[in-house]
Amino acid sequence: MASKGQHVVPNGGKWSVRRAGAERASGTYSTQREAIEKAREIAKNQGTELYIHGRDGRIRERSTFGKDPHPPKG
């Protein structure tokens, strides 16, 4: 997993929210949508990033909350 942030990952037919580097999930939810809502709330409160993984485990979306270390130019 990438560093610093919350990850929404598939977990045996459900979806889990995990802090980067954590072994245990912060929470497990029935739907990806529920997991994303909770992870987004945590990421906003902590000013970190949110990584949303697809069913295949690959990152499909990423959002930054707080100070963006690499803001877009222009």
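Positions are given from 1, in the same order as the sequence printed here.
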message: Please determine whether a side-chain nitrogen of the Lys or Arg among Arg40 and Glu37 lies less than 4.0 Å from a carboxylate oxygen of the Asp or Glu.
response: no
task: Check whether any side-chain heavy atom of Trp15 lies under 4.5 Å from a side-chain heavy atom of Thr28, and answer yes or no.
output: no
query: Within a strict 4.5 Å, meaning less than it, do heavy atoms of the Arg18 and Ser26 side chains meet?
result: no
message: Once side chain to side chain contact (heavy atoms under 4.5 Å, CB included) is applied, do any residues pair with Thr31, and if so which ones, sequence neighbours excluded?
response: Arg33, Glu34
field: For Thr48, side chain to side chain contact (heavy atoms under 4.5 Å, CB included) partners two or more places apart
entry: Ala43, Gln46
Spatial distance of atom [atom1] ([X]) from atom [atom2] ([Y]) [nearest 0.5 Å]:
X     : Y     : atom1 : atom2 : value
Ser63 : Leu50 : OG    : CG    : 5.0 Å
Arg62 : Ile52 : CZ    : CD1   : 12.0 Å
Glu41 : Gln6  : CD    : CD    : 10.5 Å
Glu49 : Phe65 : CD    : CZ    : 9.5 Å

What are the two closest heavy atoms between [X] and [Y], and how far apart are they?
X     : Y     : answer
Pro10 : Arg55 : CG-O, 3.8 Å
Val8  : Ala39 : CG2-CB, 3.6 Å
Gln32 : Arg60 : OE1-NH2, 2.9 Å

- request: With sequence neighbours left out, write down each residue that passes salt bridge (Lys or Arg N to Asp or Glu O under 4.0 Å) with Glu61, or none if nothing qualifies.
  value: none
query: Taking the six-membered ring for Trp, are Tyr51 and His7 parallel (under 30°), tilted (30 to 60°) or perpendicular (over 60°)?
result: parallel
